[in-house]
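Worth saying up front: this structure is predicted, and the values here are computed from it rather than measured. Lettering follows sequence order; numbering is per chain, from 1.
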There are 2 protein chains.
Amino acid sequence: MASGHIPEATVARLPVYLRSLGELAASGASTTSSDVLAELAGVNAAKVRKDLSYLGTHGTRGVGYDVRHLVFEVSQALGVANTWPVVVCGLGNLGRALAKHTGFTERGFPVVAAIDVNPELVGRTVDGVPVHPPAALAEIVRTLGIAIGVVATPSAAAQGTADRLVAAGIRSILDFSPAVLSVPHYVEVRAVDLSTELQILGFHLQRDLPPLPPV
Amino acid sequence: MASGHIPEATVARLPVYLRSLGELAASGASTTSSDVLAELAGVNAAKVRKDLSYLGTHGTRGVGYDVRHLVFEVSQALGVANTWPVVVCGLGNLGRALAKHTGFTERGFPVVAAIDVNPELVGRTVDGVPVHPPAALAEIVRTLGIAIGVVATPSAAAQGTADRLVAAGIRSILDFSPAVLSVPHYVEVRAVDLSTELQILGFHLQRDLPPLPPV
DNA sequence: GCTTGTGAAGAGATTCACAGCA
DNA sequence: TGCTGTGAATCTCTTCACAAGC
């Protein structure tokens, strides 16, 4: 199948496949199967095959997939050859951790700037990342070619920060605040809400653990 | 409709509704509608009504929902009255940020202990959270009644950490490592992979921005 | 009037199961 | 023989559209 349109659910799994393939390559495997890849990625084999079919990939029936070729195809689809510079907004606990996080740069998402309202931070660097005031956003987005904004501010400041990111031309936002951001339709927001995740876990704990409390 | 079974997709939205209802209550509203709630939660009104119908809730036709009553019902469904103590494993940048994060305690997920392999940290406290060695896991889970384990170790250590959490009796894991954890079926894992999120944003940037590069 | 609650329709994702091919 | 690629079936979630009821 041609890669005309890849379903969202598939896109969300491609990074996992890519990482799994990396492990396989590191372990010296030159060939793999949908079964093995499924095991590594934590999904089932039919899903792996269907997902890969959207990439227009061609494994070999009776044999499997060539690891190196598959890495190439998945990388291609994800566009990992591109580099998308990131700005981190808000240098609280989480923002600082994100700014320091080296894994981003390795994957093509270098944190090239940070924004904070604290005048004591502005003008300094935090782990090599220069800190700017909010007013400087539009300019640094332009001069540094920033493509993605990370919102790590307190939730009260999140919407204002998002507005400023959008005004500065950013079209992709990763939001760590608990707030629901309101942005134009052409801006993509991915929300990572840690409290929500915990509450979902809590829901299932509550459901599964007690075999119904006695009256 | 009775709350016999709530779809996963609905469960994942309940925390968002709860937060939105909190904002409404804070702004003094005593009544609301599926429209208003939808706007605040960033979804559409039909979804709100369908979701709430799973809770067996009763709004008033022609009027809307009583905010206070709805807060009660959603809270009830999520079990937010419960407190689920959390242990954070791995005190790198991210782990430390999570340990310091006060929002968790407020929502019923107090971080009561941390685990790290670094002997210089063990025995000390990080922002009031006592640090234990990995070997102490089973004991602190038992004595502190820990329900949820957060994996914030380097990815190489993630599976081992998960194994130890499971052995210690933990059934709910929030995983921040890029690794896919392999756990028994009765253990629920929620993975929050920051690089994956960025790669998904990158995929769409690649797709949407260039109107196809010229040959 | 206005807004909920919900069957029914629609869209999307997953899984099945097997034909096709090395 | 063994594994891929994929239509068809199934399941899940979303959206529609309207009757029910304040």
Side-chain angles (χ1 to χ4, degrees), chain A residues 1-17 20-21 24 29-71 73-74 77 185 200 203-204, chain B residues 1-17 20-21 24 29-71 73-74 77 185 200 203-204:
Chain A
M1 183 177 287
S3 56
H5 179 249
I6 305 181
E8 265 310 298
T10 297
V11 172
R13 281 187 294 268
L14 292 181
V16 183
Y17 296 149
S20 303
L21 287 167
L24 278 171
S30 66
T31 269
T32 189
S33 67
S34 58
D35 265 315
V36 171
L37 199 43
E39 167 73 18
L40 287 173
V43 300
N44 70 39
K47 206 181 276 181
V48 169
R49 291 200 299 276
K50 178 81 64 174
D51 283 342
L52 295 181
S53 79
Y54 291 117
L55 309 187
T57 182
H58 285 288
T60 310
R61 292 167 200 242
V63 178
Y65 300 92
D66 179 75
V67 172
R68 194 138 46 180
H69 186 235
L70 207 46
V71 167
E73 291 193 292
V74 177
H185 69 277
I200 295 170
F203 172 84
H204 294 298
Chain B
M1 183 178 285
S3 57
H5 178 245
I6 305 180
E8 266 309 298
T10 296
V11 172
R13 281 187 294 267
L14 292 181
V16 183
Y17 296 149
S20 303
L21 287 166
L24 278 171
S30 66
T31 268
T32 190
S33 68
S34 58
D35 264 316
V36 171
L37 200 43
E39 167 73 19
L40 288 173
V43 300
N44 70 38
K47 206 182 276 182
V48 169
R49 291 201 298 277
K50 180 76 73 174
D51 283 343
L52 295 181
S53 79
Y54 292 116
L55 309 186
T57 182
H58 285 287
T60 310
R61 291 166 200 243
V63 179
Y65 300 91
D66 180 75
V67 172
R68 194 139 47 180
H69 186 235
L70 206 47
V71 167
E73 290 194 291
V74 178
H185 68 277
I200 295 170
F203 172 85
H204 291 114

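- Between the OH atom of A:Y65 and the P atom of D:dG2 there is a distance of 18 Å, given to the nearest Å.
- Shown here for B:D51 and B:Y17, the closest heavy-atom pair between the two residues is OD2-OH, 2.6 Å.
- Interatomic distance, CG of B:D66 versus CD of B:E73, reported as 9.5 Å (0.5 Å rounding).
- Only B:S33, B:S34, listed by number, bring a heavy atom of residues 33-44 of chain B to less than 4.0 angstrom from any atom of DNA chain C.
- You'll find the side chain of B:L37 reaches within 4.5 Å of the side chain of B:L24, heavy atoms only.
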Which atoms of nucleotides 20-22 of chain C (N or O only) lie under 3.5 Å from a protein N or O atom, and what are those distances?
| unit_1 | atom_1 | unit_2 | atom_2 | d |
| --- | --- | --- | --- | --- |
| C:dG20 | N3 | A:R61 | NH1 | 3.0 |

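- For A:T57, the side-chain atoms get nearest to D:dG5 when compared with the rest of C:dG7, D:dG5, D:dA17.
- Remark: A:T32 engages no residue in a side chain to side chain donor-acceptor pair (under 3.5 Å) (not counting sequence neighbours).
- Between B:D51 atom CG and D:dT14 atom P the separation is 7 Å, expressed in whole Å.
- Between the NZ atom of A:K50 and the P atom of C:dG12 there is a distance of 15 Å, rounded to whole Å.
- When every heavy atom of B:L14 is checked against every heavy atom of B:V74, the shortest pair comes out as O-CG1, 3.8 Å.
- Per the geometry, CG belonging to B:L52 stands 16 Å off C1' belonging to D:dT15, to the nearest Å.
- You'll find that the side chain of A:K47 is closest to C:dT14, out of C:dG5, D:dT15, C:dT14.
- One interatomic measurement links the two molecules: CG of B:L55 to C1' of C:dG5, which rounds to 13 Å at whole-angstrom precision.
- With distances taken from any side-chain atom of A:R49 to the nucleotides C:dA17, C:dG7, C:dG5, the minimum falls on C:dA17.
- Side-chain nitrogen and oxygen atoms of A:Y54 include none within less than 4.0 Å of the OP1 or OP2 phosphate oxygen of C:dG12.
- In this structure, CD1 of A:I6 is placed 14 Å from P of C:dT14, rounded to the nearest angstrom.
- Rounding to the nearest 0.5 angstrom, the gap separating the NE2 atom in A:H58 from the OG1 atom in A:T60 is 10.5 Å.
- Residues A:V67 and A:L70 are not in side-chain contact: their nearest non-hydrogen atoms beyond the backbone lie 4.5 Å or more apart.
- Closest to the side chain of A:P7, from the set D:dT6, C:dA13, D:dC13, is C:dA13.
- Considering only the side chain of B:E8, D:dC13 comes nearest among D:dC13, C:dA13, C:dT4.
- Between A:R13 and C:dT14 there is a side-chain polar atom (N or O) within less than 4.0 angstrom of OP1 or OP2.
- Counting heavy atoms from C-beta outward, B:F203 and A:I6 have side chains that approach closer than 4.5 Å.
- Across all their heavy atoms, A:T57 and A:S53 have their closest contact at CG2-N, 4.0 Å.
- Residue A:A9 has its side chain nearest to C:dA13 when only C:dT15, C:dA13, D:dT14 are considered.
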